[in-house]
Asks: 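Supplied in structure tokens, the structure appears directly below.
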Number of protein chains: 2
Amino acid sequence: MTGPATGKPDRSRRPPTLEDVARAAGVSTATVSRSLNAPERVRAETRMAVEAAVRDLGYTPNFGGQALASNRTNTIGAIIPTMENAIFARALQALQETLTESRVTLLVATSHYDPAREEAQIRALIARGVDGLALIGSQRTAAADALLETRGIPFVILWSAPSETPHPAIGFDNARAAAELTAQVLARGHRRIAMISGPLAHNDRAQARLAGVRETLCATGLELAPGDLQECPYTLADGEVAAAALLGRAEPPTAIICGNDVLAAGALRAARRLGVDVPGALSVTGFDDIELATAVHPPLATIRVPHRGMGEAAGACLMDWIDSGRRPVSRLLPTEFVARESLGPVE
Amino acid sequence: MTGPATGKPDRSRRPPTLEDVARAAGVSTATVSRSLNAPERVRAETRMAVEAAVRDLGYTPNFGGQALASNRTNTIGAIIPTMENAIFARALQALQETLTESRVTLLVATSHYDPAREEAQIRALIARGVDGLALIGSQRTAAADALLETRGIPFVILWSAPSETPHPAIGFDNARAAAELTAQVLARGHRRIAMISGPLAHNDRAQARLAGVRETLCATGLELAPGDLQECPYTLADGEVAAAALLGRAEPPTAIICGNDVLAAGALRAARRLGVDVPGALSVTGFDDIELATAVHPPLATIRVPHRGMGEAAGACLMDWIDSGRRPVSRLLPTEFVARESLGPVE
DNA sequence: CTGAAAGCGCTAACAG
DNA sequence: CTGTTAGCGCTTTCAG
């Protein structure tokens with residue numbers, strides 16, 4: 001089909017350009033550009049001729065040309081720790097949808113909770129000319145901060161409370177949510193309470209959740225002894241191991257507060273394996289309220305996080321910043337405790 | 001630090017260009033370009049001068065300029081049905097990693113299993129100048145096929161068996177995997193077998209899985225009566241409803257084969273709610289082998305799908321196609337039946 | 001309301 | 001090995 005036989009292979013192979021459209025419509029390239037980008041500034045008749053030519057030729061703007069001339073890529077980048085946690089996926093989905101309304105594309109990268117990787121991804125996205133960035137959490141490398149600063153790229157921070165960072169943030173109060181959860185655990189009579197946290201290093205959300213638990217325990221005269229805190233990666237298997245360690249102690253906890261639903265599901269699995277009844281002999285709580293929370297048995301008491309809300313707000317906020325040039329204000333979104341069977345009264 | 005004190009604010013504000021680097025290094029722009037893109041064609045000394053200038057100025061190539069001049073964006077696009085299924089997420093992760101080695105960025109979009117949306121996303125990604133595309137499944141709108149065809153963009157199909165499509169595909173045999181699974185169910189003595197499938201329309205994978213089940217049943221003289229087949233969206237809640245309907249029939253099935261692990265987890269929840277023991281009174285099987293499969297109880301017997309393998313192969317395949325211009329060959333990857341507790345002998 | 005023309009920053013011949 | 005020189009396709013003044 002695409003043999004090099006014809007005399008002018010270029011002509012037929014190369015996609016139509018603005019100039020082709022202009023010629024076909026009998027107008028200038030400037031008019032075509034205007035018809036496409038600011039239709040109201042072109043007489044209806046002319047515009048229709050242009051539109052017809054566009055259809056006829058199957059014209060699509062060349063991305064590079066557009067980016068070069070306008071100095072905008074209509075792309076915003078997002079860097080999340082991992083795609084395997086459904087909660088980030090949902091926030092992205094919402095962000096994507098919001099952006100689509102502004103004809104902006106979302107470019108996604110993952111950091112695996114590693115600041116060095118996040119920095120590399122920030123660099124890569126900036127190099128790709130993104131107009132704005134959505135990042136998770138407030139802690140990153142100094143180099144990443146500097147890069148963001150000197151480039152002056154609009155970026156918003158998700159998942160952290162605005163109080164955690166001087167940058168525009170759209171998040172929720174991890175510490176307060178964890179405190180509320182802990183209060184609920186205490187209210188059910190638990191006094192031997194342990195926690196399984198995700199890796200704390202470079203993770204302000206995990207740190208805040210831990211702090212929230214600690215504070216609330218303190219207020220009741222309790223504390224999280226060193227052995228009562230397990231720190232492990234956010235996987236089911238690691239959660240299971242951590243919970244098993246906790247349950248193997250001389251005085252096992254009657255409640256385990258987990259850093260997220262995945263860890264909690266792991267804890268449930270450990271309890272089952274060890275023959276520990278939940279919630280009869282042990283209560284377990286999660287954090288996030290992903291689908292998994294109600295897929296396991298017993299269903300997990302947890303904290304519902306405003307994932308979609310953050311995604312939507314981030315999109316609106318970034319577009320506004322990019323278009324207006326005015327730095328947006330931070331927003332603190334609400335969370336909600338969700339009572340479910342995995343949390344019961346102490347026996 | 002970045003005070004506007006100096007006399008030439010423009011200078012400090014506008015990012016440095018190739019020309020700035022060239023001037024600083026005392027060479028031409030062509031040499032700078034070469035130092036960056038084909039270092040071996042430049043004398044070491046010169047190159048070092050260039051590199052120093054690049055560092056000094058904090059130069060980063062302008063994406064638009066690069067794209068325009070080279071007619072390449074070093075971006076490949078992927079369109080998956082949803083990010084909420086961990087299995088697509090993992091394949092993307094693997095694809096991403098493979099691509100990163102070639103300094104190529106992955107642009108991800110979702111279709112929600114909707115061909116119209118997929119077409120729109122294909123259009124959007126092409127407009128963004130992607131050099132190649134990875135798509136899920138072999139069924140799409142005629143317009144999408146035409147677009148792909150006329151643009152001549154390298155694209156590979158994932159998740160479907162190569163036999164399903166004339167295009168280069170990297171997938172597995174959904175029908176055969178489902179058949180194997182069904183054989184395992186039959187081998188355990190089940191004769192009243194039902195299936196919960198995801199939406200069949202425009203989904204060759206779901207269709208193939210159903211066909212695999214049907215064929216295997218047929219070979220044993222059984223069949224899937226109309227009432228034995230439930231079709232519903234791929235969510236836990238829908239799977240639960242579908243399973244409840246199946247279990248409420250006069251002669252309930254002793255085994256339910258589910259289109260994926262999420263539906264199977266839903267079926268498990270229905271069984272629990274209705275007091276049906278699994279695997280004692282009912283066996284349930286999944287498909288995919290995501291983490292969820294072992295988070296639920298009993299753990300799901302399922303089919304392990306080569307998600308990472310597909311992602312990696314797709315990356316290699318696309319890069320090869322883009323670089324060499326030669327259409328790659330399809331690859332059929334293996335699947336594996338994973339026996340777990342949710343599938344037991346019929347009582 | 002429309003057209004002419006000047007770049008945007010980079011790459012790729014083509015000479016030297 | 002390096003420099004010169006055209007563009008790549010589009011947006012955007014600036015005139016008319």
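Quantities reported herein were computed from a predicted structural model and do not represent experimental measurements. Just so it is clear: chains get the letters A, B, ... in the order the sequence lines come, proteins before strands, and each one is counted from 1.
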Asks: A:Arg140: which residues meet the salt bridge (Lys or Arg N to Asp or Glu O under 4.0 Å) condition with it, sequence neighbours left out?
Replies: A:Glu118
Asks: Of all nucleotides in DNA chain C with an atom under 4.0 Å from a non-hydrogen atom of chain A, which is the first and which the last going 5' to 3'?
Replies: C:dC1 to C:dG9
Asks: Angle, rounded to 10°, between the helical axes spanning five pairs at each terminus of the helix from C:dC1-D:dG16 to C:dG16-D:dC1?
Replies: 30°
Asks: Taking the side chain from B:Asp320 and the backbone from B:Cys317, do they hold a donor-acceptor pair closer than 3.5 Å?
Replies: no
Asks: Return the set of residues passing salt bridge (Lys or Arg N to Asp or Glu O under 4.0 Å) with A:Arg43 (not counting sequence neighbours), or none when no residue passes.
Replies: A:Glu45
Asks: Do other residues, nucleotides or ligands put more than 12 heavy atoms under 6.0 Å from the CZ atom of B:Arg90?
Replies: yes
Asks: Less than 3.5 Å apart, which donor and acceptor atoms pair up between the side chains of residues 119-135 of chain B and the rest of the protein, not counting sequence neighbours?
Replies:
residue: B:Glu119; atom: OE1; partner: B:Thr141; partner atom: OG1; Å: 2.9
residue: B:Glu119; atom: OE2; partner: B:Arg123; partner atom: NH2; Å: 2.7
residue: B:Gln121; atom: NE2; partner: B:Thr110; partner atom: O; Å: 3.0
residue: B:Arg128; atom: NE; partner: A:Thr75; partner atom: OG1; Å: 3.1
residue: B:Arg128; atom: NE; partner: A:Thr105; partner atom: OG1; Å: 3.4
residue: B:Arg128; atom: NH2; partner: A:Thr75; partner atom: OG1; Å: 2.1
residue: B:Asp131; atom: OD1; partner: B:Thr73; partner atom: N; Å: 3.1
residue: B:Asp131; atom: OD1; partner: B:Thr73; partner atom: OG1; Å: 3.4
residue: B:Asp131; atom: OD2; partner: B:Thr73; partner atom: N; Å: 3.3
residue: B:Asp131; atom: OD2; partner: B:Asn74; partner atom: N; Å: 2.7
residue: B:Asp131; atom: OD2; partner: B:Thr75; partner atom: N; Å: 3.4

Asks: Is A:Asn71 atom CG crowded by more than 12 heavy atoms from other residues, nucleotides or ligands, each under 6.0 Å away?
Replies: no
Asks: Closest approach of B:Pro154 and B:Ile322, non-hydrogen atoms and distance?
Replies: CG-CG1, 4.0 Å
Asks: So which pairs with a foot in residues 54-65 of chain A pass salt bridge (Lys or Arg N to Asp or Glu O under 4.0 Å), sequence neighbours left out?
Replies: none
Asks: Can you list, in residue-number order, the parts of residues 59-67 of chain B that come under 4.0 Å of DNA chain C, counting heavy atoms only?
Replies: B:Tyr59, B:Pro61, B:Asn62, B:Gly65, B:Gln66
Asks: For A:Arg308, which residues count as a salt bridge (Lys or Arg N to Asp or Glu O under 4.0 Å) partner, sequence neighbours excluded?
Replies: A:Glu97, A:Glu312
Asks: Among residues at least two apart in sequence or on other chains, which ones pass side-chain hydrogen bond (donor to acceptor under 3.5 Å, both in side chains) with B:Thr82?
Replies: none
Asks: Hey, where on DNA chain D does chain A first and last touch, going 5' to 3'? Cut-off is any atom under 4.0 Å from a heavy atom.
Replies: D:dG9 to D:dT12
Asks: What do the steps show when you test B:Ile136 against B:Arg205 for side-chain contact (heavy atoms from CB on, under 4.5 Å), and what is the final call?
Replies: CA-CA 9 Å; B:Ile136 306 295; B:Arg205 291 90 63 211; 3.8 Å; yes
Asks: Within a 6.0 Å radius of atom CZ on A:Arg41, are there more than 12 heavy atoms belonging to other residues, nucleotides or ligands?
Replies: no
Asks: Are the side chains of B:Ile170 and B:Ile157 in touch, meaning some heavy atoms are under 4.5 Å apart?
Replies: no
Asks: Under 4.0 Å, heavy atom to any atom of DNA chain D: which of residues 26-49 of chain A qualify?
Replies: A:Ala30, A:Ser33, A:Asn37
Asks: Output all residues satisfying salt bridge (Lys or Arg N to Asp or Glu O under 4.0 Å) with B:Arg34, sequence neighbours left out; order by chain, then residue number.
Replies: none
Asks: Might you confirm whether atom NE2 of B:His167 has over 12 heavy atoms from other residues, nucleotides or ligands at distances under 6.0 Å?
Replies: yes
